[in-house]
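Working notes, structure below.
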There are 2 protein chains.
Amino acid sequence: MKYSLKPVYSALDKHNLDAVAFVPGSNFRRLFGRDFHLMERPLVIIIPARGEPVAIVPNLEMASFSLIGFKGEVFDWRDEDGYESAFQSAAAAMPQLRGVVKIGLEAQRMRVFEQMALAKAFPSAEFTDAHAIISSTRLIKTEDEIAKLKRAIEISEAALEATLQEVKEGQSEKQIEAILLKQLFAHGADGLSFDPIVAAGDNSAQPHASARHDYRIKKGDALLIDFGASWQGYNADITRTFFIGEVSDFDRAFYDSVLAANERGKQVARSGVTAHQVDDAVQIVLENSQFSEFRRHKTGHGLGLDVHEAPQIMRSNTQILEPGMVFTIEPGLYRTGECGVRIEDDVVVTENGIECLTGFPRQLRIIG
Amino acid sequence: MKYSLKPVYSALDKHNLDAVAFVPGSNFRRLFGRDFHLMERPLVIIIPARGEPVAIVPNLEMASFSLIGFKGEVFDWRDEDGYESAFQSAAAAMPQLRGVVKIGLEAQRMRVFEQMALAKAFPSAEFTDAHAIISSTRLIKTEDEIAKLKRAIEISEAALEATLQEVKEGQSEKQIEAILLKQLFAHGADGLSFDPIVAAGDNSAQPHASARHDYRIKKGDALLIDFGASWQGYNADITRTFFIGEVSDFDRAFYDSVLAANERGKQVARSGVTAHQVDDAVQIVLENSQFSEFRRHKTGHGLGLDVHEAPQIMRSNTQILEPGMVFTIEPGLYRTGECGVRIEDDVVVTENGIECLTGFPRQLRIIG
C-alpha cells in the first residue's frame, strides 16, 4: 500500500499546527487505506509538521499495521506492559514537539483517555479540536467513493422493498426490524450504517426512537424506517415513512408538508450555495406550513465513511457546496405522542445541481 | 422508568470525586435504562456529589429523553444555536462545581470534544479518568443479563453452524462473511457485537484481520471466525478456527496448543482467584509449548453491554473474580504470514467455578 500525507501537511501549514494525531476511524482509513478497531488498546499516529511521523501500536495489531507501509518509527506495546511507555518513547523520538506546541486532534473521534496519554507524553503541548480540518480532506468524494455509496444505497432500497412485502398489521416494531436486518444482509450488505430506527405510531414522533417488543402496529399508524446498509465502508442513510392500512386527511397534510420541504431542499442544493441556504430554504417550507411547531432538527449531514460527517446542512454553516460533496436531505416533523414523518434522501453535488442517489419512491404509501 | 443513582453516589464518595459526567453508552444504559446514539450532538448528564443532577440534551432527543424520568434540570439545545450555551447554563445551575473540583469522566467512551465543552463550562475543574470506577457497577451481571447473553450466544452458535454448511473451497473471505451475516440475522440477531473477523490462510495470523475479496480459501488453510450476535444490547463474542479440507500434523499440534491453553483457562478461573492468575496460567501453557514465540495478546476481556469491558483477563490485573462476572477466554497463536489459531469462549463465574456459556465444539474440525 502507498499513502500520501500531502493533504495533512497542507492542513498543518494552513492552520499553524505543529502536529496532528490520528486514531482509527474514517480519517485514518481514508489516509492510510486501512482501518483498525477503536478499542481499549490505543493506536495513535502522530504526524508532525517537521520530521518523521511516529506510530503507537498494540503489539497484536503489528501484522495488520505492517500492511499500511508506514514510513516512520513504530512503538508497539504489549498488553502485559501497558501503553504508557510507548507514548513516552514516541515523545522522546520527536524532540521538535518537546516545547510549547499546538497538536490538533480528531476531537469527535478520539476519546479522552487517548488524549490523557498524549498530554502526559507531551506535557507542554496545547491540544486543539482539529476534527473539521482533518475531516475536510474527505469532503469531496471521488468517483470510486460515489460508486460505493450507490451500491450501499441499492442494497438498502432493495432490502426495504423486500421488507415492506412482509410487513403486516399486528407485528411489533422489533419484528419489522428483524425482517429489515435479515433482508439487508440477504441483499449483500457488508454491515449496518447504524442500528436501524423502526418506529410506529407515537414512537415515530421520537426522531431517534428504539424499536419496541410490546407495541403492535395498527391501522392508521405511521411507520418510520431510518436505516442503511454499509458497503466497503461507505454508508447509506435513508428514511421513509409509511402508513398502515389507512391515513387520515390530517396526517396526509402533515406528510405532504415534509415532502414539500424535502423537494425544496433538492431544488436549492447546488454548487456555490451554502449549507445554510439549503437548510434555510427547507426550514422556511416547514415554518410556513401549519405544522411549524413540530420541527426538531436541521436538514441533514454529510455522508461517506462516516454516517454523520461534514458538511452539516444547517443554518449558520457558511460552507459553500462543491461538486463531489455528499449529504442527506431529511426534513421531519414530530407531533409528540402522536405521529412523526421524516423523508430522507442522499444527494451528491454535481456541476449542474445535484444527483439524488436515493430512488425509493417518496409519495405517501399505504402498506400492510 | 425509575432509576437509582445509589451506585454513582457511593463511587463518588469512595473516590473523592465532586461529580461524574455520563455520555450515551453502556454505563448510561445500565444506569438510566435507555441509551442514545453517540453522535456529533453532545448529550451529557452530570451527577454532582451534592445537589441535583443536570442534563444537556439535543432538542431532537427530548421526547426520547423524557422516557427516562430524569430527576434534575435539563438544558436542551437546538442545531441552529449550538451546544455551548447549554453547557454554560448547566454550569451556572451547579454553583457547587464552580471552584477547584474533581470531575470523573468515562474516558474510554467520552470523546475529546465533549470534554473540551465541559472544560470551557467548568474552567477550574480537574478532569480524571473514572472509566473503571463508573463501569465497575456493571461488573457483576444479574440473572436477566446472563439470560440475554445466553440468547445472544445461542443465536451466534446456530448461525455459525448454518454458515459452515455453506462454506466451500474456493470462496473468498468476503463471501463467507456475507453468509455469516445473513445467517446471524436469519437466526434472530438484534445487531452485531462487532464487525466479524473472517480470515483464512496467512490472514488468520493477523489477530484483527479484515476479510478479503481477492483471496480464495484452499485446502490446508486455517479459517478463523471471530464474531457475535447482540441481543437486547448484550454481546456474544466467540472465536473458532477450522481447517479447509485437510490439516498438517504441524498445524494440528499448533491448534492443540491453543486448545490446551483455552481448557487451562477454564480450569483455573473461579471465584477468589485474580484475573492475573487466569492469564498467567493460560500464558504458561503457551510459553511451555513449542510455539511460545507466536503469542500476541492477553487471555480475554469482560463482556456484557460492551464487547470489551472489565475485567481484563491479563497479567498484572489484580482484580479478584466474583460470581456473576462474565469474560472471554481466548488464547491464540499467530505464525505471521502462515497461520493463526484462536479459540474463544464466554464464561460466567459461579459459586463453584465457572459456567461456560459457549457450547460450540472446540475439537479441531475440518470443513469445506
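Chain letters run A, B, ... following the sequence lines, proteins first, then strands; residues in each count from 1.
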As an exercise: rank Lys182(B), His37(B), Glu40(B) by heavy-atom pairs under 4.5 Å with chain A and give me the winner.
Glu40(B)
Any donor-acceptor N or O pair under 3.5 Å, side chains Tyr334(B), Arg342(B):
yes
How far apart are the C-alpha atoms of Asp190(B) and Gln232(B), what are their side-chain angles, what is the distance that settles it, and do they pass the side chain to side chain donor-acceptor pair (under 3.5 Å) test?
CA-CA 7 Å; Asp190(B) 256 4; Gln232(B) 296 202 11; 5.7 Å; no
Can you tell which part of His131(B) gets under 4.5 Å to a heavy atom of chain A, answering side chain, backbone, both or neither?
neither
For Asn317(B) and Gln312(B), does a side-chain donor sit closer than 3.5 Å to a side-chain acceptor?
no
Which of His297(A), Glu177(A), Arg315(A), Glu106(A) touches chain B most, by non-hydrogen pairs under 4.5 Å:
His297(A)
Where on Ala189(B) is there a heavy atom nearer than 4.5 Å to chain A: the side chain, the backbone, both, or neither?
backbone
Of the backbone (N, CA, C, O) and the side chain (C-beta and beyond), which part of Arg109(B) lies under 4.5 Å from a heavy atom of chain A, both, or neither?
backbone
For residues His187(A) and Ala162(A), report the shortest heavy-atom separation together with the two atoms involved.
CE1-CB, 3.7 Å
Work out which heavy atom in Ala199(B) is nearest to a heavy atom in Ala209(B); give both atom names and the distance.
CB-CB, 3.7 Å
With sequence neighbours left out, write down each residue that passes ring pair (Phe, Tyr, Trp, His ring centres under 6.0 Å) with Phe227(B), or none if nothing qualifies.
none
Tell me, side chain or backbone of Glu61(B) under 4.5 Å from chain A's heavy atoms, or both, or neither?
side chain
Phe185(B): what forms a ring pair (Phe, Tyr, Trp, His ring centres under 6.0 Å) with it, not counting sequence neighbours?
Phe185(A)
Which atoms of Thr128(B) are under 4.5 Å from chain A, going by heavy atoms: the side chain, the backbone, both sets, or neither?
backbone
For Ser64(B) and Gln206(A), test the side chains for any donor-to-acceptor distance below 3.5 angstrom and give the result as yes or no.
yes
Spell out the residues in residues 301-310 of chain A that have some non-hydrogen atom less than 4.5 Å away from a non-hydrogen atom of chain B, in order of number; otherwise answer 'none'.
His308(A)
What part of Met110(B) gets closer than 4.5 Å to chain A, counting heavy atoms only: side chain, backbone, both or neither?
both
Residues which pass side-chain contact (heavy atoms from CB on, under 4.5 Å) with Asn59(A), listed by chain and number, not counting sequence neighbours
Met62(A), Asp76(A), Arg78(A), Arg296(B)
For Thr328(B) and Asp237(B): C-alpha separation, side-chain torsions, deciding distance, then whether side chain to side chain donor-acceptor pair (under 3.5 Å) applies.
CA-CA 8 Å; Thr328(B) 67; Asp237(B) 187 0; 5.3 Å; no
Interface check, chain B: of His208(A), Met314(A), Gln115(A), most non-hydrogen pairs under 4.5 Å belong to His208(A)
Checking Leu105(B) against chain A: side chain, backbone, both or neither under 4.5 Å from a heavy atom?
side chain
Most chain A-contacting option - heavy-atom pairs closer than 4.5 Å, from Met39(B), Glu80(B), Gln108(B):
Gln108(B)
Given the options Glu114(B), Lys174(B), Gln283(B), His276(B), which has more heavy-atom pairs under 4.5 Å with chain A than any of the others?
Lys174(B)
Cation-pi check for Tyr215(B) against Arg212(B): NZ or CZ below 6.0 Å from the six-membered ring centre and within 45 degrees of the axis, yes or no?
yes
Looking at every heavy atom in both Phe127(B) and Ala119(B), which two are closest together, and how far apart are they?
CE1-CA, 3.7 Å
